[in-house]
Amino acid sequence: MSAHGTPIPMTSRPCGPLNGEAHVPGDKSISHRSLILGAMSVGETIVTGLLEGQDVLDTAKAMQAFGADITRDEDGTWHVHGVGVGGFAEPDQVIDCGNSGTGVRLIMGCMATSDMAVTFTGDASLNKRPMARVTDPLALFGAQSVGRSGGRLPMTVVGAADPVPVRYVVPVPSAQVKSAVLLAGLNAPGQTVVIEKEATRDHTERMLAGFGAEISVVDTPEGREITLTGQPELRAQTIVVPRDPSSAAFPVCAALIVPGSDVLVPNIGLNPTRAGLFETLRDMGADLTYENLREEGGEPVADLRARYSPKMRGIEVPPARAASMIDEYPVLSVVAAHATGRTVMRGVKELRVKECDRIDAMAKGLRACGVTVDEGPDWWEVEGMGPGAMPGGATVEVFLDHRIAMSFLVAGMAAKTAITVEDGGPIATSFPIFEGLMADLGADLVKA
């Protein structure tokens, strides 16, 4: 069922060419961080282009609960009056992060070095997800946490009254874990050091520098070493949020597999730690081009043009690319089903602990649609059927996962027979305008 109510079945029917411009929402990762760092800064941070999906709105409510004054103008401009590093007030109520793993883990980090107790909860999906990967390094600062068995929400985190700086090697590639530790380090004395063996999305480092934190990044034999000097006075900023490459993935991939399509997706963030999907699609032979390359707010940006690409071939996706496209593997597997030959995806065990086990969910759904899929603990393979050959005709379970739902709705646009997702409700958490945007391009989506 939906993360926020009654299930909303949706059906995607085979459609004609997709054409036009797809103005996708603002980047979710940057939206979360702009609200959190705005709340931890001194002065008024102004944010335009914020993703107004439920995940980000839940983070805004959380920052208000910690004492920040957050308002929204009618034109969509957000104003965050921060309380400064170390200025959080203890919330009166439980912090409900809804469906957002990013939100809850980053918020745990930013409060873990303040002397307060905060209880976190979420929806049915979030409450199944592991939190120990964050609470373990936060314990090194002196924070304590008590939750359900397996380190699951609901969970109470007691922040460190006298935090100490830490040196932490991230055991698995995770921007959420790295960011939680860095945010905790803001209110700890001295220098907090985070080392990641594989580079993950670096929005937190870029934004910390933009807000005035003393932060450095160097490559060492041990890995990418990030050093943050604690207890700075962060300065309020004006932030223009680029459009989300993870959201852009859906109209882009749909255009590649629906005959005759030509779709332009303007103003997409092309941070190199996020652009792995687009590199992979081009490696497969996709007609995907970057237009008007530029830089905005310290982030590389371009307009993406995607055209129908019937000659795509399966490839072995470089495992080193996984961290830069971890959220895009579900929709990549849909494209792989329409390519010729086998697509192999390795080094992707992180997919098994997302909103759901995404490898299992996609494998089950693709098989129901007539596609051959093989899988293991840290890998999966999709046997391409060629352009337009996916039978479809299935109703698939999405396990409260927005990206699973959107991936199968994209699949239905190019399958031989319509595909139904049993609940499209979770899509609102990250891409609330998905249905209307795709319909404007020419997709045939209907709610049951």
Side-chain angles (χ1 to χ4, degrees), residues 2-4 7-8 10 12 22 24-29 31-32 51 53-56 98-103 122-126 128-129 174-176 201 243-254 257 265 268 274 276-278 280-281 317 322-337 345 348-366 369 373 375 380 382 396-413 419-435 437-438 443 445:
S2 173
H4 299 285
I8 306 171
M10 294 182 66
S12 177
V24 302
D27 187 287
K28 186 165 72 164
S29 296
S31 293
H32 280 299
L51 167 63
Q54 192 59 49
D55 283 2
V56 175
N99 187 247
S100 181
T102 299
D123 67 10
S125 172
L126 186 60
K128 295 177 182 177
R129 298 179 66 181
S174 172
Q176 294 177 1
R201 60 185 65 178
R243 298 181 187 271
D244 197 326
S246 294
S247 295
F250 298 101
V252 163
C253 288
I257 63 175
V265 192
I268 296 303
R274 296 286 302 283
L277 172 70
F278 306 132
T280 299
L281 293 171
V317 183
S324 69
M325 55 180 291
I326 195 66
D327 287 330
E328 286 75 71
Y329 279 100
V331 74
L332 173 64
S333 70
V334 171
V335 174
M345 297 161 277
V348 292
K349 62 183 177 182
E350 180 74 6
L351 288 170
R352 295 208 180 267
V353 292
K354 288 288 188 177
E355 280 79 344
C356 70
D357 180 338
R358 285 179 171 167
I359 295 176
D360 180 69
M362 289 304 302
K364 286 178 177 175
L366 286 170
C369 292
V373 181
E375 63 176 288
W380 56 323
V382 175
V396 299
E397 187 174 358
V398 303
F399 303 96
L400 295 175
D401 192 312
H402 50 126
R403 299 198 193 280
I404 303 299
M406 288 186 282
S407 295
F408 280 109
L409 291 173
V410 167
M413 298 172 197
I419 295 173
T420 297
V421 298
E422 44 81 34
D423 186 9
I427 293 171
T429 64
S430 70
F431 201 160
I433 63 171
F434 172 81
E435 182 182 2
L437 181 149
M438 295 306 302
L445 301 176

| Shortest non-hydrogen separation from A124 to K128 and the atoms involved | O-CG, 3.3 Å

| query | Who are the ring-ring contact (aromatic ring centres under 6.0 Å, His included) partners of F278, not counting sequence neighbours? | reply | none

| request: Return the minimal non-hydrogen interatomic distance between P330 and I326, and the atom names on each side. | output: CD-O, 4.4 Å

| field | 4.5 Å side-chain heavy-atom contact, L409 and E435 | value | no

| V353 side chain near R129 side chain, heavy-atom distance below 4.5 Å | no

| task | Starting at OG1 of T280, measure out to OH of Y329 and round the result to the nearest 0.5 Å. | result | 6.5 Å

| request: State, to 0.1 Å, how close V331 and A249 come at their nearest heavy-atom pair, and which atoms those are. | output: CG1-CB, 4.0 Å

| field | Check: S31 side chain, L51 main-chain N or O, donor-acceptor pair, under 3.5 Å | value | yes

| If we only count heavy atoms from C-beta on, is the I404 to R358 side-chain gap below 4.5 Å? | yes

| note | So NE2 of H32 and CG of D55: to nearest 0.5 Å the spacing works out to 5.0 Å

| task | Using side chain to side chain contact (heavy atoms under 4.5 Å, CB included) as the criterion, list what pairs up with A323, not counting sequence neighbours. | result | P173, T200

| query | Stepwise, does the side chain to side chain contact (heavy atoms under 4.5 Å, CB included) test hold for V421 with I427? | reply | CA-CA 11 Å; V421 298; I427 293 171; 5.8 Å; no

| task | Give, for atom CD of E397 and atom SG of C356, the distance between the pair rounded to the nearest 0.5 Å. | result | 9.0 Å

| task | Please report the shortest heavy-atom distance between V398 and A405, naming the atom on each side. | result | CG1-CA, 3.6 Å

| field | Side chains of Q54 and P432 in contact at under 4.5 Å (non-hydrogen atoms) | value | no

| Can you tell me if T102 and Q176 form a side-chain donor-acceptor pair at under 3.5 Å? | yes

| Can you list the residues that meet the side chain to side chain contact (heavy atoms under 4.5 Å, CB included) rule with S430, with sequence neighbours excluded? | K28, H402, M406

| said: For the OG atom of S247 and the CD atom of E328, what is their distance to the nearest 0.5 Å? | reply: 9.0 Å

| Do V410 and I257 have side chains that get closer than 4.5 Å, going by heavy atoms? | yes

| remark: Heavy-atom nearest pair, C253 first then L277, reads SG-CD2, 4.3 Å

| query | Do E355 and T429 have side chains that get closer than 4.5 Å, going by heavy atoms? | reply | no

| query | Does the pair V334 and V382 meet the rule for a side chain to side chain contact (heavy atoms under 4.5 Å, CB included), with working shown? | reply | CA-CA 9 Å; V334 171; V382 175; over 6 Å; no

| message | Would you compute the distance between atom NZ of K354 and atom CZ of R403 and round it to the nearest 0.5 angstrom? | response | 8.0 Å

| request: May I have the step-by-step check of side chain to side chain contact (heavy atoms under 4.5 Å, CB included) for M325 and M345, ending in yes or no? | output: CA-CA 11 Å; M325 55 180 291; M345 297 161 277; over 6 Å; no

| request: Considering only NZ, NE, NH1 and NH2 on the basic side and carboxylate oxygens on the acidic side, decide whether D327 and R201 come within less than 4.0 Å. | output: yes

| request: Provide the closest heavy-atom pair for N99 versus L400 in the form atom of the first, atom of the second, distance. | output: ND2-O, 3.8 Å

| said: Can you tell me how far apart CE (M10) and CG (D423) are? Round to the nearest 0.5 Å. | reply: 10.0 Å

| Would you say W380 and M362 make side-chain contact, with heavy atoms under 4.5 Å? | yes

| said: Are D27 and R274 packed together at the side-chain level, in the sense that at least one heavy-atom pair is separated by less than 4.5 angstrom? | reply: yes

| task | Could you label the plane-to-plane angle of the F250 and F431 rings as parallel, tilted or perpendicular, counting under 30° as parallel and over 60° as perpendicular? | result | tilted

